[in-house]
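Numbers restart at 1 for each chain; the letters A, B, ... are given by sequence-line order, proteins then strands.
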2 protein chains.
Amino acid sequence: MTAVRHSRQRDAIYTELCSRGDHPTADELYATLRQTMPNLSLATVYRNLHQLAEAGQGNILYTSAADHFDAVMKPHYHLYCRQCHRIYDADIPLISEIDRAAQNCTQADIDSYSLVFEGICEHCANQH
Amino acid sequence: MTAVRHSRQRDAIYTELCSRGDHPTADELYATLRQTMPNLSLATVYRNLHQLAEAGQGNILYTSAADHFDAVMKPHYHLYCRQCHRIYDADIPLISEIDRAAQNCTQADIDSYSLVFEGICEHCANQH
DNA sequence: ATTTGTGCAAAATTTTTGCATTCTC
DNA sequence: GAGAATGCAAAAATTTTGCACAAAT
């Protein structure tokens with residue numbers, strides 16, 4: 001059991017991340033924190049963000065340094081394999097409840113959504 | 001009405017993208033296509049990918065050059081505003097049908113998922 | 001012919017790393 | 001004091017751009 005270490009920077013990053021309603025990029029976070037910690041380094045922000053994500057205290061949305069492209073226009077879901085970092089089409093039927101929920105949302109004018117399941121793909125699971 | 005132009009490269013990119021089950025990065029696509037088009041340029045791949053996406057013939061998964069981070073661990077959904085490119089927490093109750101669907105999937109061992117709704121946020125909608 | 005696309009190389013962005021120093025436990 | 005975290009600057013990796021030339025309508 002490794003206790004999570006604390007540092008002024010890490011705590012500030014985590015606190016700031018929790019207190020914001022939006023989901024900033026590392027750079028946006030850095031820009032904000034820099035106002036009170038002028039010596040903060042962007043590398044520290046990156047390091048901590050990834051560490052937090054690994055420790056299960058944070059999430060990386062839109063992870064991966066590279067964008068992934070898709071040509072299938074028929075609505076469908078995706079499957080992200082945590083092991084091989086590939087994205088597959090999920091063989092999962094559309095869920096109408098999601099559209100219904102989007103319709104009922106007053107917070108924004110939603111016209112689509114993307115659903116990405118995460119786990120270990122068949123191929124990687126069989127590699128043991 | 002602008003007809004979509006064709007070029008050897010664009011057609012090859014589109015065809016390859018459609019025929020693959022995975023969702024390659026620009027670079028992966030480039031590597032494959034290069035085998036039959038040795039002069040193909042990576043820049044061309046990027047240009048066409050974005051063009052296809054704009055024309056509604058393709059999708060950019062995990063778009064945006066920058067990763068977005070999130071500290072809220074309680075499961076929740078996200079809202080991506082196409083106008084301001086920000087990501088908000090969606091005020092939408094959890095949909096149990098999604099978990100059920102994940103459970104039934106034999107294609108992979110799914111343990112989580114991320115749902116991102118897309119549209120125009122309240123704030124941007126009011127700016128007109 | 002005119003417009004649009006391509007390749008190449010250079011620039012801009014975003015993210016990661018190496019290393020000496022500083023901070024936590 | 002040992003191990004971990006930081007800052008800085010340099011390196012990688014990813015994406016975009018400028019421009020001369022080629023291709024498409």
Side-chain angles (χ1 to χ4, degrees), chain A residues 1-17 22-55 57-70 80 84-87, chain B residues 1-17 22-70 80 85-87:
Chain A
M1 205 70 255
T2 1
V4 186
R5 278 230 186 169
H6 288 270
S7 79
R8 226 159 48 79
Q9 292 86 338
R10 176 166 309 160
D11 293 346
I13 289 167
Y14 186 60
T15 303
E16 175 65 18
L17 198 52
D22 67 339
H23 299 278
T25 61
D27 203 62
E28 287 166 347
L29 212 45
Y30 172 64
T32 305
L33 290 168
R34 215 155 194 249
Q35 292 170 17
T36 44
M37 306 176 96
N39 294 10
L40 181 66
S41 150
L42 181 55
T44 298
V45 176
Y46 273 108
R47 275 186 291 235
N48 278 300
L49 250 15
H50 285 122
Q51 217 160 297
L52 287 170
E54 250 178 70
Q57 295 187 0
N59 243 299
I60 300 180
L61 263 51
Y62 293 8
T63 188
S64 121
D67 286 356
H68 292 253
F69 297 87
D70 177 13
Y80 171 71
C84 63
H85 301 288
R86 263 193 267 271
I87 296 173
Chain B
M1 205 69 252
T2 1
V4 187
R5 277 229 189 169
H6 288 271
S7 78
R8 226 157 51 75
Q9 291 84 340
R10 177 168 309 159
D11 294 345
I13 289 167
Y14 186 59
T15 303
E16 175 66 20
L17 198 54
D22 67 339
H23 297 280
T25 61
D27 204 61
E28 287 167 346
L29 212 44
Y30 172 65
T32 305
L33 290 168
R34 216 157 193 248
Q35 293 171 15
T36 45
M37 305 176 95
N39 295 9
L40 181 66
S41 150
L42 181 55
T44 298
V45 176
Y46 273 109
R47 275 186 292 232
N48 279 300
L49 251 16
H50 283 122
Q51 218 159 298
L52 287 169
E54 250 177 68
Q57 296 189 356
N59 243 296
I60 301 178
L61 265 52
Y62 293 5
T63 189
S64 117
D67 286 356
H68 292 252
F69 297 87
D70 177 12
Y80 171 70
H85 301 289
R86 263 193 267 271
I87 295 173

Quick one: which protein N/O atoms are closer than 3.5 Å to N/O atoms of nucleotides 23-25 of chain C? Pair and distance per line, please.
residue: C/dT24; atom: O3'; partner: A/His6; partner atom: O; Å: 3.4
residue: C/dT24; atom: O2; partner: A/Arg5; partner atom: NH1; Å: 3.0

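Listed by chain and residue number, B/His6 satisfy the side-chain hydrogen bond (donor to acceptor under 3.5 Å, both in side chains) test with B/Asp11 (two or more places apart in sequence, or in another chain). Partners of A/Arg10 under the side-chain hydrogen bond (donor to acceptor under 3.5 Å, both in side chains) rule, at least two apart in sequence or in another chain, are A/Asn48. Qualifying side-chain hydrogen bond (donor to acceptor under 3.5 Å, both in side chains) partners for A/Glu16, counting only residues two or more places apart in sequence or in other chains: A/Arg20.
Shortest non-hydrogen contact noted between B/Pro24 and B/Leu29 is CG-CD1, 3.7 Å. Scanning both residues, B/Leu40 and B/Tyr30, for their nearest heavy atoms gives O-CE1, 3.2 Å. Here the shortest heavy-atom pairing between B/Leu42 and B/Ala26 reads CD1-O, 4.0 Å. Shown here for A/Arg8 and A/Met37, the closest heavy-atom pair between the two residues is NH1-CE, 3.6 Å.
Distance OH (B/Tyr46) to P (C/dT14): 13 Å, rounded to an integer number of Å. Note: OH (A/Tyr30) to P (D/dT6) measures 14 Å, nearest angstrom. Computed from coordinates, the A/Glu28 CD to C/dT13 P distance equals 15 Å when rounded to whole Å. Distance, A/Gln51 CD to D/dA4 P: 10 Å, rounded to whole Å. In this structure, the CZ atom of B/Arg10 is 12 Å from the C1' atom of D/dA23, given to the nearest Å. The distance from atom CG of A/Asp11 to atom P of D/dA5 is 12 Å, rounded to the nearest whole Å. Following rounding to the nearest Å, B/Ile13 (CD1) and C/dG5 (P) show an atom-to-atom distance of 12 Å.
In this structure, B/Asp27 reaches neither bases nor backbone, as no heavy-atom distance under 4.0 Å exists between it and the strands shown.
Neither OP1 nor OP2 of C/dG5 sits under 4.0 Å from any side-chain N or O of B/Arg47.
Rounded to 10°, the helix from C/dA1-D/dT25 to C/dC25-D/dG1 has 40° between the axis fitted to its first five pairs and the one fitted to its last five.
Here B/Ile13 contributes atom CD1 and B/Arg47 contributes atom CZ; the two are 9.5 Å apart, rounded to the nearest 0.5 Å.
A heavy-atom distance below 4.0 Å to DNA chain D is reached by these residues of residues 32-44 of chain A, ordered by number: A/Asn39, A/Leu40, A/Ser41, A/Ala43, A/Thr44.
Screening residues 36-45 of chain B for side chain to side chain donor-acceptor pair (under 3.5 Å) gives no qualifying pairs among residues at least two apart or on separate chains.
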